[in-house]
Amino acid sequence: MTAVPAFPPSRLPASFWRGLDACVHCGFCLPACPTYEATLDEADSPRGRIVLMRALERGDLGPDDPGLRHHLDRCLGCRACESACPSGVVYGPALEAARARLASAAPLPAPVRLVLWILARPALQKPLWLLSRLLRATGLPGWLAREAGRGAPRVAWLAAMLAASGGPGVGRRWSVGPSARRLIPDPDRRPPTTEPCALFTGCVQAGLFSHVHEATVKALQHNGLRVEIPPAQVCCGALAAHAGAADLATELARANLHCFADTRGPIVVNAAGCGAMLRHYAAWFADDPDCSTMAREFSARVRDVTEVLAERGPAPGGRLPLRVAYDAPCHLLHAQKIADAPLAVLRAIPGLELAPLEGSDRCCGAAGLYSLVQPELSLAVLEPRLAALRRSAADVLATGNPGCQMHIGAGILIAGIRTEVRHPVELLAWSYER
């Protein structure tokens, strides 16, 4: 592990810090914060962390201060505080800037550095995803998760997350190709398409959730869009940005800007965390004279797949008699402010019954790499979601982010809850198949 390189931070735009200026310490954010609810520590609340971040920005606290690092590391970055704030505080970018400063004083945890190092190198990802899919296909990860039970050791939890990334089992099996980058439209099975769009495939989503990309292409084609998948795209950089590896995030973002420069139409994203980061490119490169215009144009084109489909109806499909609960990914609801589009897609499916899910607007505890570095707090945040899911009696939990699908899905497996976790677009595409 010691050979894994550290990632020094670049200088982020000053606007990242200015988002905190509106804070008047009113406390409306406290009940919206999952970590504050779990610890009841003011320093683990948005209000408390803003005080700490301002002290870091002024230089009153150094980036090597252990208390500062402890409380900022425990933040999920879910940005629910922004939705609750009456003053319009923009918390997320300031957290990224603060974590970049922390990374300048001490290396990131070794597991985080290793993950980021691999995700920055597509040549290393291919064998990793292939081995992961082969292991998943054996059924061993799911068996290990079920046998481990609620007191599961960490290895069983990771196995459960891998098992939860598999394709649907609700009534049928999907044809899951080895890579979403090689998806080819079938003109004999789809209606004519005229309007172009470009699909962002990402890293984890392409490696473990190619069935979601397949469903996305099917649904978009069925609604009159021609899908292009640029082959040179890379990880969006969200995991690096949230961890404080700002140089790496900048490198990945710049590669994507150039990769999509020649594409037309909306840039369609089916992973909430990726979508939030791609929309953030405009702010990320605001002070970069070489990329600022390109980044603004890029971010203006980014659309979640449910937005694109909801605007088109979407076209009706076959009957799908399932009880479905919807869980709103934080970076879709709070960062991108998209609340209605996923529900509109689900309501458009004939026969589908939407089940209420208490706390569906709150973080599930996934938060990118959070469960790797804060496992106990991550599980504490997940517990209320699992309890609410039991009460919902849903056949399927629909959510639009791979990290959420894996984290909630792992909890479901270990807790023995009889519910599947799927992306909303999977259900729509299945409806079209019927």
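Computation of the quantities below employed the complete heavy-atom set of this structure, encompassing side-chain atoms and omitting hydrogens, waters and symmetry-equivalent molecules.
Note that the CG atom of Leu68 and the CG atom of Asp60 stand 11.0 Å from one another [nearest 0.5 Å]. Note that CG of Leu369 is 11.0 Å distant from OG of Ser378, once rounded to the nearest 0.5 Å. In this structure, Leu427 CG and Arg422 CZ are separated by 8.5 Å, a value rounded to the nearest 0.5 Å. If you take SG on Cys29 and CD1 on Ile50, they are separated by 6.0 Å, rounding to the nearest 0.5 Å. For the atom pair CZ of Arg47 and CD of Glu42, the computed distance is 4.0 Å after rounding to the nearest 0.5 Å.
Pro230 has its side chain within reach of Cys259: a pair of non-hydrogen atoms, C-beta onward, lies under 4.5 Å apart. Annotation: side chain of Leu220 is in contact with side chain of Val268 (closest heavy-atom distance under 4.5 Å). Side-chain contact between Leu333 and Ile338: absent, with no pair of heavy atoms (C-beta onward) separated by less than 4.5 Å. In this structure the side chain of Pro342 never reaches within 4.5 angstrom of the side chain of Leu346, judged on heavy atoms. Residues Met277 and Cys274 form no side-chain contact, since every pair of their non-hydrogen atoms from C-beta on lies 4.5 Å or further apart. Side-chain contact between Leu72 and Met53 is present, with heavy atoms from C-beta onward closer than 4.5 Å. In this structure the side chain of Glu82 reaches within 4.5 angstrom of the side chain of Lys337, judged on heavy atoms. No side-chain heavy atom of Val425 sits under 4.5 Å from any side-chain heavy atom of Val345.
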For residues 352-359, dump all side-chain donor-acceptor pairs below 3.5 Å to protein atoms at least two apart in sequence or in another chain.
| unit_1 | atom_1 | unit_2 | atom_2 | d |
| --- | --- | --- | --- | --- |
| Glu353 | OE2 | Arg323 | NH1 | 2.6 |
| Glu358 | OE1 | Arg391 | NH2 | 2.8 |

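Checked against a 6.0 Å centroid threshold, the rings of His331 and His242 count as neighbours.
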Derivation of the side-chain hydrogen bond (donor to acceptor under 3.5 Å, both in side chains) call for Asn270 and Thr216
CA-CA 8 Å; Asn270 55 25; Thr216 298; 2.9 Å; yes
Pair Asn401, Leu332 - check side chain to side chain contact (heavy atoms under 4.5 Å, CB included), show working.
CA-CA 9 Å; Asn401 191 59; Leu332 192 65; over 6 Å; no
Applying side chain to side chain contact (heavy atoms under 4.5 Å, CB included) to Val302 and Tyr281, what does each step give before you reach the verdict?
CA-CA 10 Å; Val302 174; Tyr281 283 3; over 6 Å; no
Could you walk me through whether Glu251 and Arg121 pass salt bridge (charged side-chain N to carboxylate O under 4.0 Å, His left out), step by step?
CA-CA 12 Å; Glu251 174 189 337; Arg121 291 160 175 80; over 6 Å; no
Step by step, would you call Cys330 with Cys363 a side chain to side chain contact (heavy atoms under 4.5 Å, CB included)?
CA-CA 6 Å; Cys330 295; Cys363 186; 3.4 Å; yes
Could you walk me through whether Tyr91 and His334 pass the ring pair (Phe, Tyr, Trp, His ring centres under 6.0 Å) test, one step at a time?
CA-CA 11 Å; Tyr91 177 93; His334 302 304; over 10 Å; no
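Minimum interatomic distance between His407 and Leu379 (heavy atoms only, all atoms of both residues): CE1-CD2, 4.5 Å. Scanning both residues, Val308 and Arg303, for their nearest heavy atoms gives CG2-CB, 3.7 Å. Nearest heavy-atom pair, Pro141 versus Leu162, reported as atom, atom and distance to 0.1 Å: CG-CD2, 3.9 Å. When every heavy atom of Ala38 is checked against every heavy atom of Leu377, the shortest pair comes out as CB-CD1, 3.7 Å.
Residues Ser165 and Gln405 have side chains that never bring a donor and an acceptor to within less than 3.5 angstrom of each other. Remark: the Asp44 side chain and the Thr35 side chain contain no N/O donor-acceptor pair separated by less than 3.5 Å. Side-chain polar atoms of Tyr432 and Asn223 form a donor-acceptor pair below 3.5 angstrom. For the residue pair Gln374/Arg74, the side-chain donor-acceptor check at 3.5 Å is not satisfied.
Checking side-chain atoms of Ser299 against main-chain N and O of Leu278 turns up a donor-acceptor pair under 3.5 Å.
For the side-chain contact (heavy atoms from CB on, under 4.5 Å) criterion with Trp117, the lone passing option out of Val115, Leu119, Leu114 is Leu114.
In the displayed structure, Asp64 atom CG is contacted under 6.0 Å by more than 12 heavy atoms of other residues, nucleotides or ligands.
Taking the six-membered ring where tryptophan is involved, the planes of Phe298 and Phe260 are perpendicular, since the angle between them exceeds 60° and thus also 30°. Phe209 and His211 have tilted rings, their planes meeting at an angle from 30° to 60° on a 0 to 90° scale.
At a threshold of 4.0 Å, the pair Arg54-Glu57 does not count as salt-bridged, since none of the basic side-chain nitrogens sits closer than that to a carboxylate oxygen.
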